[in-house]
2 protein chains.
Amino acid sequence: MNKRPTIKDVAKKTGLSLSTVSLVINKSGYVSEKTREKVLKVVKELDYHPSRAARGLASRTSGNIGFILSEDHFSRAEPFYTKIFLGTEFEARNHNFYILLTTVDTLSKKELAIPRFLLERNVDGVIIAGKMDTKLVDYVERLDIPLILVDFRIPGRRVSTVMIDNRKGVRLAIEHLAERGHTRIAFVGGDPGHPSISERFQGYRETLEELRLPFDENLVVTSEVALRVEDGFHALRTIFEREGKPTAVFAANDAMAIGCIQYAKHAGLQIPRDLAVVGFDDVESTLHVDPRLTTVRVFKEEMGALAVRRLVEAVKSKSRNIVDTYVPVELIVRESTMGRTPGDGVPKGVEIPEMQD
Amino acid sequence: MNKRPTIKDVAKKTGLSLSTVSLVINKSGYVSEKTREKVLKVVKELDYHPSRAARGLASRTSGNIGFILSEDHFSRAEPFYTKIFLGTEFEARNHNFYILLTTVDTLSKKELAIPRFLLERNVDGVIIAGKMDTKLVDYVERLDIPLILVDFRIPGRRVSTVMIDNRKGVRLAIEHLAERGHTRIAFVGGDPGHPSISERFQGYRETLEELRLPFDENLVVTSEVALRVEDGFHALRTIFEREGKPTAVFAANDAMAIGCIQYAKHAGLQIPRDLAVVGFDDVESTLHVDPRLTTVRVFKEEMGALAVRRLVEAVKSKSRNIVDTYVPVELIVRESTMGRTPGDGVPKGVEIPEMQD
DNA sequence: CTGTACTATAAGAGCGCTTCGATATTTATT
DNA sequence: AATAAATATCGAAGCGCTCTTATAGTACAG
């Protein structure tokens, strides 16, 4: 390790004290313009960069933000939360923070493991994404570290959140189906313990009511534990084995929607002629299934970025205001509801997905 | 911030000196079993955890590993490198390291920006994934920080790497196609500046030769800049506009393969009857396209994990051995080469993808 | 019984910064 | 002109660890 310049070297070369140099670097306190410039010039000359560890120790800040995700959400291919994470990462750079990612095992009944970055005081703020053991939320709050929940909330609890406008998303989807003449619209859900999922179900019921469409329990499956493709497949099969078939299905997320498409094909149904399918989230794969999936777009990266912005504000201002942020949604109409003959290629104007090696 | 216990508190409570406590915590030097236990007991009682910043400053280590990815690779939905990243993350936890992720803009002709974690000496080792400006590699090496390249290498340069066995992967794919009677196998490529991509092309040529199949330039497109779905679409169209159509196509990655499927459908071709398609990487979406894509599986998480393991070794042993690691590949045969009638649902035994909300 | 090697603990000097309080200087206020 | 307030710089005390060096006890060889 070749010797890097320290703040001492800068002080020596400028003829100023350590404190003054430090003031310049931290843009805090009173420093004359002249000295400021002198310091900055020398900093550049020496290519000086303060050591993160030293600053951290002296100022008890880390320059890191912790991102906590449940192992459950993470361990499967996680296009949704991964996108949120990438969004945080990108935004964090703008604020000179790094994101420390960690997962927490919430499934096994072992004692809750506290992320190491909390124990070592190695983060200035914490993001918790998706459903998470309340005990961990408690723990973070007791540390008095700024906290924000993304795509998660705890009923009756005052914590800052960044949430999807789930109700609106569902309304857009159901209205779209209703406009196309559907009256028997199935709902395929998943873990109702996840606030976003339960909100989607509530939105479904509300919208049916608004539109004066009948609610039929035979058209609903929410008891399935998970939210995976295969769960969508099985859930829709369950519905088709009951009385009174649907002509459209709304799935609480895209993975399940894709499972619905698979079941429909399996059952020899033409999409969207015999069955229209709508998903939620707008993950990558929705563009590659055949037919492409109509879905509710969620701005996942934006959610992460927003969370970081709120957190950085809180860290810098040392305030602990509670802020609830809703991110908007959009309905993306594709062939799974708007019918073209399957397999007729790439119509002009239809988006071509980006994806790479 | 409530006061957390420091090493001093542990020393006081045990009646030992700071140094002894430190020795116990770092498992270094001579400490009697009795003292060790006493210290650990008190550590537990106080719920003491050493401050990362303080250790960092004193020992000039950070407990972090830097992960550098080109902006180019990252900014699109990046199932491939994202998986590698997640693999590093998981493995890093086992070694009590955190991964600091950053991207570098390699496209614009601006001056190369050095990741902040390098300037601030905030990482103990560095992973560079995918194609990257050589200057950055030089920079890291000059810092004398352990470095490992993943899915990237620089010809004639001695740097540790974790590479895909690209040649073998291609051979498996081409042999599979040849076994099924194909003799006119197209190659759809991408950025030949990326070592993995150029190796795949070399593997293609070698295998054709081994199998005594003719090499026909009309069946090859490698000039396209990128590796996206749309590039696959256009590349295959280009080939079909030439003399002598292929009966099979090997795409250098899955995204392009999916583009090829889209083109084939667009052109009214039945897959695999009229055209067999094989990809490379085995990303998530290959399971959701119709027909499912035959592809070469790459153990992406494993690549990340291996890189971390190598790096941690290097950090701990302070050695600078050069190690080249190859990760194995597998051919995953699905319907894009093995023909079932499209749309016949989910055959038993065929994998159902995991994916979630 | 002295010397050497090993084992076990301690003392204390940093690591490279931030920050508090002190001091000095200038500018505004009455 | 006297005082208060704002501006500018500095000295020094840590922040909470690690690590080198010192000290002392113990074991064993000669």
Side-chain angles (χ1 to χ4, degrees), chain A residues 1-40 42-43 46-63 96 116 119-122 124 315-316 318, chain B residues 1-40 42-43 46-63 96 116 119-122 124 315-316 318:
Chain A
M1 306 251 174
N2 51 16
K3 220 59 209 141
R4 319 209 82 213
T6 72
I7 196 172
K8 229 172 177 169
D9 300 318
V10 178
K12 204 166 292 171
K13 189 149 178 188
T14 52
L16 293 161
S17 70
L18 294 192
S19 359
T20 306
V21 175
S22 175
L23 289 180
V24 172
I25 286 162
N26 293 292
K27 309 187 204 332
S28 52
Y30 298 115
V31 183
S32 72
E33 193 52 32
K34 200 178 291 177
T35 15
R36 234 181 63 80
E37 279 167 14
K38 190 173 14 172
V39 169
L40 293 179
V42 171
V43 162
L46 296 179
D47 193 27
Y48 165 73
H49 295 273
S51 137
R52 187 57 257 180
R55 313 183 86 160
L57 182 54
S59 67
R60 47 216 64 211
T61 63
S62 64
N96 283 346
R116 195 164 46 85
L119 299 173
E120 296 181 344
R121 275 280 193 276
N122 200 17
D124 301 336
V315 168
K316 291 199 170 153
K318 293 167 184 288
Chain B
M1 304 249 177
N2 51 16
K3 221 56 210 145
R4 320 209 81 212
T6 70
I7 195 171
K8 228 171 175 167
D9 300 318
V10 178
K12 202 166 291 168
K13 189 150 180 190
T14 52
L16 293 161
S17 70
L18 295 192
S19 355
T20 305
V21 176
S22 175
L23 288 181
V24 172
I25 287 162
N26 294 291
K27 310 186 204 328
S28 50
Y30 298 113
V31 183
S32 71
E33 193 51 31
K34 199 177 291 174
T35 359
R36 234 180 63 81
E37 278 166 13
K38 186 169 23 164
V39 170
L40 293 180
V42 171
V43 162
L46 297 179
D47 193 27
Y48 165 73
H49 295 273
S51 137
R52 186 59 257 180
R55 313 182 87 160
L57 183 54
S59 67
R60 48 221 59 213
T61 63
S62 63
N96 282 346
R116 195 164 47 85
L119 298 173
E120 295 181 344
R121 276 278 192 277
N122 200 17
D124 300 335
V315 168
K316 292 200 171 153
K318 293 167 181 287

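Remember, it's a predicted structure, so these values are computed and weren't measured experimentally. Protein chains get the first letters and strands the later ones, always in sequence-line order, with residue 1 at the start of each.
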Evaluate the side-chain proximity of B:Lys34 to B:Lys38: yes if any heavy-atom separation is below 4.5 Å, no if none is. no

Hey, does the side chain of [X] come within less than 4.0 Å of [N]'s phosphate (OP1/OP2), counting only N and O?
X: B:Ser59; N: D:dC19; answer: no
X: B:Ser17; N: C:dA11; answer: no
X: A:Thr20; N: D:dC10; answer: yes
X: A:Ser22; N: C:dT18; answer: yes
X: A:Thr35; N: D:dT9; answer: yes
X: B:Tyr30; N: C:dA5; answer: no

Could you tell me the separation between the [atom1] atom of [X] and the [atom2] atom of [N], rounded to a whole number of Å?
X: A:Asn26; N: C:dC17; atom1: CG; atom2: P; value: 11 Å
X: A:Lys34; N: D:dA8; atom1: NZ; atom2: C1'; value: 12 Å
X: B:Lys27; N: C:dA8; atom1: NZ; atom2: P; value: 17 Å
X: B:Lys12; N: C:dA10; atom1: NZ; atom2: P; value: 15 Å
X: A:Arg36; N: D:dT7; atom1: CZ; atom2: P; value: 16 Å
X: B:Ile7; N: D:dT18; atom1: CD1; atom2: P; value: 5 Å
X: A:Leu57; N: D:dA13; atom1: CG; atom2: P; value: 17 Å
X: B:Glu37; N: C:dT9; atom1: CD; atom2: C1'; value: 17 Å

Carefully, step by step, assess A:Ser17 and A:Thr20 under the rule side-chain hydrogen bond (donor to acceptor under 3.5 Å, both in side chains). CA-CA 5 Å; A:Ser17 70; A:Thr20 306; 3.1 Å; yes

Between [options], which one does the side chain of [X] approach most closely?
X: B:Ser32; options: D:dC17, C:dC17, C:dA8; answer: C:dA8
X: A:Arg60; options: D:dC15, D:dT18, C:dT9; answer: D:dC15
X: B:Val31; options: C:dC15, C:dT18, C:dT9; answer: C:dT9

For B:Leu16, which contact category applies under a 4.0 Å heavy-atom criterion: base, sugar-phosphate, or nothing? sugar-phosphate

Polar side-chain contact B:Ser19-C:dA11 base: donor and acceptor under 3.5 Å: yes

Please say which of A:Ile7, A:Thr61, A:Asn26 ends up in a side chain to side chain contact (heavy atoms under 4.5 Å, CB included) with A:Arg55. A:Asn26

As a quick check of understanding, evaluate side-chain hydrogen bond (donor to acceptor under 3.5 Å, both in side chains) for B:Ser32 and B:Thr35, giving each step before the final call. CA-CA 5 Å; B:Ser32 71; B:Thr35 359; 2.3 Å; yes

A:Arg52 (side chain) donor-acceptor with A:Ser62 (main chain) under 3.5 angstrom: yes

